[in-house]
There are 2 protein chains.
Amino acid sequence: MTKLLVTVDIVLFTIRDRELQLLLIKRLAKPYEHRYALPGGFVEEHESLNAAAERELREETGVKKVFLEQLYTFGEPKRDPRGRVVTVAYYALVADTQVLQAGTDAADPAWYPVRELPALAFDHRKIVEAAHLRLRNKLDYSNVGFELLPEKFTLSELQLVHEAVLGEALDKRNFRRKIAQKALVEPLEEYRHTGRKPAQLFRFTS
Amino acid sequence: MTKLLVTVDIVLFTIRDRELQLLLIKRLAKPYEHRYALPGGFVEEHESLNAAAERELREETGVKKVFLEQLYTFGEPKRDPRGRVVTVAYYALVADTQVLQAGTDAADPAWYPVRELPALAFDHRKIVEAAHLRLRNKLDYSNVGFELLPEKFTLSELQLVHEAVLGEALDKRNFRRKIAQKALVEPLEEYRHTGRKPAQLFRFTS
DNA sequence: TCAAAAGTGTTGAAGATACACCCATGG
DNA sequence: CCATGGGTGTATCTTCAACACTTTTGA
C-alpha cells in the first residue's frame with residue numbers, strides 16, 4: 001500500500017505562424033532548473049485528474065476552457081530524480097487567440113514549434129511525441145481539428161490546421177469535399193476581408 | 001505534494017466458446033467483499049507500471065507472457081470507498097491455452113463472457129467498456145488479433161477471433177482477402193484435422 | 001454417400017486521388 | 001490593372017461489400 005507522488009503534465013498545442021506549436025515553461029526550481037518543461041504539477045487529494053490538469057494549465061499559463069484529453073500515464077521508477085513520480089499526461093488544444101499569462105509557479109510560458117523544440121526536462125520529449133502522434137491520428141477520424149480554431153473560421157484556415165498537424169500539403173478541392181460530406185461545418189453569412197477576395201466564414205456544427 | 005495510492009487493474013481477454021470473455025476474480029476482502037472485480041493491485045515503490053500489471057496478473061491468475069497495453073487512468077476522487085486511489089488500467093490478450101491458477105490474494109479467477117458480466121466492484125464496469133472499445137478499434141488497424149491465438153492457427157480461427165471481438169459475422173472471402181493483402185500471415189505445410197476437411201495452418205509473420 | 005467445414009472470383013458502389021482554371025477584391 | 005488567395009468538377013483508381021458454389025475428408 002505504498003503511496004506515490006502523482007502529477008499531471010499537459011501538452012498544449014496551437015497553430016501559430018502556419019505551424020503546430022506547443023507551450024513550454026521554463027523551470028525555476030530544481031531538478032532541471034532553467035530547463036524547458038511541460039506545464040503540470042501535483043495532483044491534490046480531493047481533485048480528479050482532469051481537474052488537476054485544468055488547474056495546472058490555468059495556474060501556469062492562464063489558459064482556460066480548452067479541449068483536454070488524457071493521453072497516457074508514464075510511471076518509470078527513475079523518470080524523476082526526486083523520487084517516484086507517476087505522471088498522467090494530457091494533451092490540450094486551443095485556438096491561437098488566448099492570451100498567455102506568466103504563472104506564479106513557473107516562468108515565461110511561451111510557444112515553441114513542434115519541429116524544433118529545445119531540450120526538455122524529465123521524459124517530456126517522449127510525452128510530446130506521444131501527444132503529437134495521437135493528435136495526427138485523431139485528426140481525421142474525429143473533429144479535434146476544430147478545437148484549434150476560433151468559433152468562426154474560413155475553410156482555408158481549417159485546411160491550414162490540418163496541414164500543420166499532418167506536416168504535409170493537402171489538395172484544396174479534395175479537402176473541401178471531404179469536409180463538406182462530413183457535414184461538420186455550416187456556412188455563415190459573413191466574410192473575412194483580410195486577403196484579396198473575401199473568404200466565407202463557417203462554424204462547427206456541434 | 002500529496003502522495004496517492006496507485007493501483008493497476010487489468011482487463012484480460014480471451015476467446016472461449018466462440019465468444020469474447022474476460023477474467024474476473026472474486027474479492028475476499030472489503031470493500032466490495034464477494035463481488036467480482038478485475039485482477040489488479042497496488043503499485044510498489046520501485047516497479048514500473050507495466051511491471052506491476054504483469055506481477056498482479058501472475059500473482060492473481062498465474063497467467064504470464066501476455067500482450068499487455070496501457071489503456072487509461074481512472075482517478076475520480078470517490079471511485080474507491082477506502083480513499084483516494086488512482087488506477088492505471090491495462091488490457092491484456094491471451095490465447096485460450098493458458099491454465100488459470102487460483103492466486104493467493106484473490107479467489108477463483110474465472111472467465112466470463114463480455115456480453116453477460118456480473119455486477120463488478122468499483123468502477124470496473126467502466127474500465128471493461130473502455131477496454132472492449134479499444135480492442136474493437138485496434139483490431140483492424142493493428143495486429144492484436146493474433147495475440148488471442150496460439151502460434152499456429154487456421155484462417156477460420158482467425159476469423160472467429162475477429163467476429164467474437166466485433167460481435168458480428170464477417171464474410172469469409174472478404175476476410176481472407178483482407179488478411180492476405182496485409183501479408184501478416186504465412187502458410188505452413190501443416191493441416192489441422194479436427195473437422196472434416198483438413199484446414200491449413202498459418203502463423204503470424206512478425 | 002453424406003454432413004460439415006474448407007476453400008475460392010467477380011461485379012458494382014463508394015471513396016480517395018490527381019489535376020487547372022476563373023473569380024472577386026484591395027492596393 | 002494586377003497580384004493574391006478564394007472558389008469550383010471531372011476522370012481515374014483503389015477499396016470495400018455483396019454474393020454461391022465446389023472440394024475434401026471422416027463418419
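The basis for the numbers below is simple: all heavy atoms, side chains too, and nothing from hydrogens, waters or symmetry mates. Convention: sequence-line order gives letters A, B, ...; per-chain numbering from 1.
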Checklist line | Spacing of B:Asn174 atom CG relative to C:dG7 atom C1', expressed in whole Å | finding: 14 Å
Check: Just how far, in rounded Å, is C1' of D:dC16 from NE2 of B:His162?
Finding: 16 Å
Item checked: Closest nucleotide among C:dT25, D:dC16, C:dA4 to the B:Gln181 side chain -> D:dC16
Next item on the list: May I ask you to decide if the ring planes of B:Phe146 and B:Phe153 are parallel, tilted or perpendicular, using 30° and 60° as cut-offs?
Entry: tilted
Next item on the list: Take the protein atom CG of A:Leu160 and the nucleotide atom P of D:dG6, then report the distance between them rounded to whole Å.
Entry: 10 Å
Checklist line | B:Asp123 vs B:Arg79, salt bridge (charged side-chain N to carboxylate O under 4.0 Å, His left out): CA-CA, chis, key distance, verdict | finding: CA-CA 6 Å; B:Asp123 52 0; B:Arg79 57 173 295 281; 2.8 Å; yes
Item checked: Touch class at under 4.0 angstrom, heavy-atom based, for B:Ser156 against every strand present -> sugar-phosphate
Notebook entry, point to check: Could one point to a donor on the side chain of A:Arg177 or the base of D:dT10 with an acceptor on the other under 3.5 Å away?
Noted result: yes
Next item on the list: Mark yes or no for a side-chain to base donor-acceptor pair under 3.5 Å between B:Lys197 and D:dT23, with no hydrogen or angle criteria applied.
Entry: yes
Check: Starting at the 5' end of DNA chain C and moving along, which residue's nearest nucleotide shows up first, B:Arg196 or B:Arg176?
Finding: B:Arg196
Next item on the list: Grab the CG-P distance between B:Leu158 and C:dA6 for me, whole Å please.
Entry: 12 Å
Notebook entry, point to check: Contact class for B:Lys178 (heavy atom, under 4.0 Å): base, sugar-phosphate, or nothing?
Noted result: nothing
Next item on the list: Keeping the roles fixed (side chain from A:Gln159, backbone from A:Leu170), state whether a donor-acceptor pair exists under 3.5 Å.
Entry: yes
Next item on the list: Give the rounded distance in Å between these two atoms: CZ of A:Phe175 and P of D:dT8.
Entry: 14 Å
Next item on the list: Quickly work out the A:Gln200 CD to D:dG7 C1' distance and round it to whole Å.
Entry: 10 Å
Item checked: A:His193 NE2 - C:dG27 P separation (whole Å) -> 12 Å
Note to self: Taking B:Val94's backbone N and O only, do any of them form a donor-acceptor pair with B:Glu147's side chain (distance below 3.5 Å, no angle check)?
What the structure shows: no
Notebook entry, point to check: Nearest-Å distance, NZ (A:Lys172) to C1' (D:dG9)?
Noted result: 14 Å
Next item on the list: For A:Glu157 and for B:Pro198, locate the closest nucleotide of DNA chain D by heavy-atom distance; then report the residue assigned to the nucleotide nearer the 5' terminus.
Entry: A:Glu157
Note to self: On the side chain of B:Arg173, is there an atom forming a donor-acceptor pair with the base of D:dA17 - under 3.5 Å, no angle test?
What the structure shows: no
Margin query: Checking contacts here: which listed nucleotide (C:dA24, C:dA6, D:dG7) is nearest the side-chain heavy atoms of A:Ala199?
Written below: D:dG7
Margin query: My understanding is that only one of B:Arg176, B:Lys172, B:Arg177 makes a side-chain hydrogen bond (donor to acceptor under 3.5 Å, both in side chains) with B:Asn174; could you say which?
Written below: B:Arg177
